Amino acid sequence: MVLDNLGSSLRGTLNDLRGKSRISEDDIDNVVKEIQRSLLQADVDTSLVMDLSDSIKTRALEEEPPSSTSARDWVLRVVYEEMVDLIGESTELPLEPQTIMLAGLYGSGKTTTAAKMAWWFSKKGLRPAVIQTDTDRPGAYDQSKQMAENAEVDFYGDPDENDPVTIAEEGLEATADADIRIVDTAGRDGLNQELIDQIERIDDAVNPDRNLLVIDAAMGQSAKEQAQEFEESIGIDGVAITKLDGTAKGGGALAAVNETDSSIAFLGTGETVQDIERFEPSGFISRLLG
Ligand code: GDP
């Protein structure tokens with residue numbers, strides 16, 4: 001079946017349906033309650049959980065399951081399909097020349113993700129370059145340069161230049177030989193107008209093919225507001241969730257996906273450049289429900 005590693009109580013509730021050919025409203029209520037518990041614990045936005053619950057209930061009870069599908073398998077299938085509908089398939093990323101800009105708050109993992117993505121594209125046979133425009137965080141240039149070296153990809157930054165837009169423009173010229181340009185931007189402790197103005201100016205100068213929002217898996221409900229702000233200012237085409245090697249399940253990022261009407265592109269699973277995975281729904285859904 002498409003879902004592995006379900007949490008023991010959800011698995012138990014589903015197993016209670018074994019042998020039944022039809023499900024009752026009580027049966028599906030029990031399953032939905034378990035799912036709600038897991039998702040709320042994983043920081044998924046309450047209104048998303050409620051909408052999902054309604055669609056699971058409606059479909060499981062009102063639609064006719066395919067013949068010879070057991071009640072258990074039918075419920076599991078509806079749960080999976082509705083969750084994929086909520087979370088979306090992986091963000092489309094054609095393996096062709098493009099410029100990708102990363103946005104997000106300070107510490108979300110942008111600089112790390114920029115190098116990781118560059119590494120990922122290089123393994124696909126492309127020639128990536130990282131362009132570091134963060135002039136605010138003192139260590140950003142060195143960290144980014146070092147990680148680009150670890151990833152064995154091109155790098156452009158200028159520790160003596162204070163204007164991120166100039167760095168971005170010069171970076172595009174300096175990396176003309178690269179296929180994939182990944183533009184890292186400065187973050188802040190919180191969203192403020194200065195950050196938004198700056199990233200809008202970089203966005204205008206760079207004109208990226210895609211803007212990805214980088215979100216720490218531990219970020220809870222505030223992911224939603226942040227996503228709205230970035231969506232309004234530069235437009236967000238996909239989300240990268242970082243630090244999934246920790247205990248946080250990344251459910252907060254779903255609100256960002258929903259707000260930006262986008263999808264998840266990458267998952268970060270550690271501190272080295274190789275610790276990146278392309279998002280695929282089933283593993284992530286299992287994790288949320290686990
Ligand atoms: P930025 O301020 O958004 O550029 O964030 P950084 O890329 O500097 O990351 C902040 C911290 O999080 C650093 O210590 C990174 O090593 C760490 N980090 C980033 N991504 C991951 C991840 O996927 N897993 C873990 N464990 N740490 C991460």
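The figures that follow rest on heavy atoms only: side chains count, while hydrogens, waters and symmetry mates do not. Read the numbers this way: they start at 1 and go in the same order the structure lists the ligands and their atoms. Owing to the predicted nature of the structure, the values given are computational and were not obtained by experimental measurement.
- Per-residue contacts place R137 under 4.0 angstrom from the following atoms of ligand 1 (heavy atoms of the residue considered): 2 (O), 4 (O), 8 (O).
- Close approach of ligand 1 to Q143 (heavy-atom distance below 4.0 Å) involves ligand atoms 6 (P), 7 (O), 8 (O).
- Heavy atoms of T112 found under 4.0 angstrom from ligand 1 belong to the backbone as well as the side chain.
- Residue-ligand proximity, K110 to ligand 1, at heavy-atom distances under 4.0 Å covers atoms 1 (P), 3 (O), 4 (O), 5 (O), 7 (O).
- Looking at D134 against ligand 1, nothing comes within 4.0 Å, counting heavy atoms.
- Panel note: side chain R287, backbone L244; a donor-acceptor pair is recorded below 3.5 Å.
- Residues in residues 267-290 take part in these ring pair (Phe, Tyr, Trp, His ring centres under 6.0 Å) pairs, two or more places apart or across chains: F279-F284.
- Put simply, no part of D216 is less than 4.0 Å from ligand 1, judged by heavy atoms.
- The ligand atoms of ligand 1 that sit less than 4.0 angstrom from a heavy atom of G268 are 23 (O).
- Residue E152 qualifies as open at atom CD: its count of foreign heavy atoms under 6.0 Å is 12 or below.
- Contacts between T269 and ligand 1, counted as non-hydrogen atom pairs separated by less than 4.0 Å, involve the backbone only.
- Counting heavy atoms closer than 4.0 Å to ligand 1, residue M147 contributes nothing at all.
- The shortest heavy-atom distance from D275 to ligand 1 is not under 4.0 Å.
- Evaluation of the ring pair (Phe, Tyr, Trp, His ring centres under 6.0 Å) test over residues 110-136, restricted to residues two or more places apart or in two chains, returns W120-F266.
- Enclosure of atom CD in E96 by more than 12 non-hydrogen atoms of other residues, nucleotides or ligands within 6.0 angstrom is indicated.
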*Step by step, would you call D45 with S47 a side-chain hydrogen bond (donor to acceptor under 3.5 Å, both in side chains)?*
CA-CA 6 Å; D45 181 74; S47 61; 2.6 Å; yes

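- Contact annotation: G104 has no heavy atom less than 4.0 Å from any atom of ligand 1.
- Remark: D27 does not engage R22 in a salt bridge, criterion side-chain N to carboxylate O under 4.0 Å.
- Environment of CD in E200: crowded, with over 12 heavy atoms of neighbouring residues, nucleotides or ligands closer than 6.0 Å.
- Put simply, no part of G187 is less than 4.0 Å from ligand 1, judged by heavy atoms.
- Short contacts between ligand 1 and L105, defined as distances under 4.0 Å to a heavy atom of the residue, involve ligand atoms 3 (O).
- Put simply, atom 25 (C) of ligand 1 has protein non-hydrogen atoms near it, under 4.0 Å away.
- Remark: D197 CG is packed, more than 12 non-hydrogen atoms of other residues, nucleotides or ligands lying under 6.0 Å away.
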